[in-house]
Amino acid sequence: MASIQLKNVVKRYGTGKHELQVIHGVDAVIADREFVVIVGPSGCGKSTLLRMVAGLEEVTEGEILIGDRVVNNLEPSERDIAMVFQNYALYPHMSVFDNMAYGLKIKKVPIGEIRARVDKAAGILELGPFLDRKPRQLSGGQRQRVAMGRAIVRQPQVFLFDEPLSNLDAKLRAQTRIEIQKLHRELGITSLFVTHDQVEAMTLAQRMIVMKAGRMEQIGTPEEVYQRPATTFVASFIGSPPMNLMKGTADGTQFNVSGPALPLPGPAPRHGELILGLRPEHASLDTSDAPGWPLRVEMIEMLGAERLVYGRLGDDLFTVRIDGTRVPPAVGELLSLRMETRHLHWFDPATGQRVE
Ligand SMILES: Nc1ncnc2c1ncn2[C@@H]1O[C@H](COP(=O)(O)OP(=O)(O)O)[C@@H](O)[C@H]1O
Ligand SMILES: [Mg+2]
């Protein structure tokens, strides 16, 4: 077992005028036995970061430690890691057993030991009945489990996952998420898991790193990141539908947006230009005597358990999430939204940083 430390890790591709910096100094410590998810939009540098931990990309600056060893100059095979990729990378001509056993055979692990480890992994992953099949005789989900099995039998100190669920359909993805969590509970192997999918990140992570354009925007538990996003980027990236964000000018308990002056349930953290955020589930349609925010309804989506009400506050688009069993408002209706002070999020419009 081992921790992973990233110390001011920088990655540049190319040289001279072709130089491209894709990782801009990432610092993070992943604790021994922890499951950390790196999440961010496509192209933000997630795979690059993971591949540097794996030893598949050189580290331009900074240090990566696995346990107490600096691994910058170690070969992938010397790092005691196992990686699971999106495209499984199974050997098509080998059986499931041989695919899982291959790495151990190369390392000259005795055949009895190989059989024991493969049988155990096959048991955990429910692959027992498929050990003699070839990959083409398996479903996508089964192939994915073989790829995980191959990682498990190596009994590494660290698991690295690069979007391993992206090729699965929604139902299988949800199932496999549960299996991965179970696996982590049973084996307790330190894991770094990369995904662009914020739902996957929220459900799998003990802690998550939210990345944008080669920088770490926030690291924290899913609750911390959801409840106190550090930046407007995190606020709009984590959560579906995303947090409503409105630019305006705060003046005591009033917030002036494009159209109306919105009454605030408590004072803004400071005067002047700010961005105000409110999650769709934190705007209530319940009537009360307190003045509300006028929302003109433009569209309603029925999602089953809940309904999404889309409308406008002045010129700003705004989304409200309501219970699916409740009678929906009519398109064109003018609603009055109410909210609690503790649910308001404030950000600096110049930096995007959270303002307390
Ligand atoms: N070998 C490479 N040479 C040059 N640029 C690269 C190379 N690999 C990745 N990049 C660039 O680095 C950035 C991050 O890529 P990547 O880590 O694959 O992002 P993600 O996994 O988050 O989608 C992208 O802009 C990509 O084009
Ligand atoms: Mg990637």
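Read the numbers this way: they start at 1 and go in the same order the structure lists the ligands and their atoms. Just so it is clear, the structure is predicted and the values come from calculations on it, not from any experiment. Residue numbers run from 1 in the order of the sequence given.
Nearest non-hydrogen protein atom to atom 12 (O) of ligand 1 is Val22 CG1, 3.1 Å. Protein heavy atom closest to atom 25 (O) of ligand 1, with residue, atom name and distance, is Gly43 O, 3.9 Å. The protein non-hydrogen atom at the shortest distance from atom 18 (O) of ligand 1 is Ser47 CB, 3.8 Å. Nearest protein heavy-atom contact of atom 10 (N) of ligand 1 is Tyr13 CE1, 3.4 Å. Nearest non-hydrogen protein atom to atom 15 (O) of ligand 1 is Thr48 OG1, 3.8 Å.
Using a 3.5 Å distance cut-off with no hydrogens or angles, the side chains of Asn167 and Gln86 do pair a donor with an acceptor.
By the 3.5 Å distance cut-off applied to N or O atoms, Gly45 is counted among the residues near ligand 1. Geometrically, ligand 1 and Glu57 share no nitrogen or oxygen pair separated by less than 3.5 Å.
At least one N, O or S atom of Ser47 sits under 2.8 Å from the Mg ion (ligand 2).
With Arg12 as the partner, the salt bridge (Lys or Arg N to Asp or Glu O under 4.0 Å) test is satisfied by one option alone out of Glu19, Glu58, Glu57: Glu19.
Within the 4.0 angstrom cut-off, atom 4 (C) of ligand 1 has one or more protein heavy-atom neighbours. Protein heavy atoms all stay at least 4.0 Å away from atom 27 (O) of ligand 1.
One hydrophobic cluster, built from ILVMFWY side chains closer than 4.5 Å, cannot hold both Val70 and Val29; they sit in different ones. Ile124 and Ile180 fall within a single hydrophobic cluster, where Ile, Leu, Val, Met, Phe, Trp and Tyr are joined by side-chain heavy atoms under 4.5 Å apart, directly or via other members.
In summary, the aromatic rings of Trp346 and Phe255 are positioned with their centroids under 6.0 Å apart.
Using modelled atom types, one side-chain atom of Lys46 and one backbone atom of Gly40 make a donor-acceptor pair closer than 3.5 Å.
Classification of the Phe35-Phe193 ring pair by plane angle, with boundaries at 30° and 60°, yields tilted.
Listed by atom number, the atoms of ligand 1 under 4.0 Å from Ser42 heavy atoms are 23 (O).
Not a single heavy atom of Gly40 sits under 4.0 Å from any atom of ligand 1.
The cationic atom of Arg133 (NZ for Lys, CZ for Arg) does not lie both less than 6.0 Å from the six-membered ring centre of Phe97 and within 45° of the ring axis.
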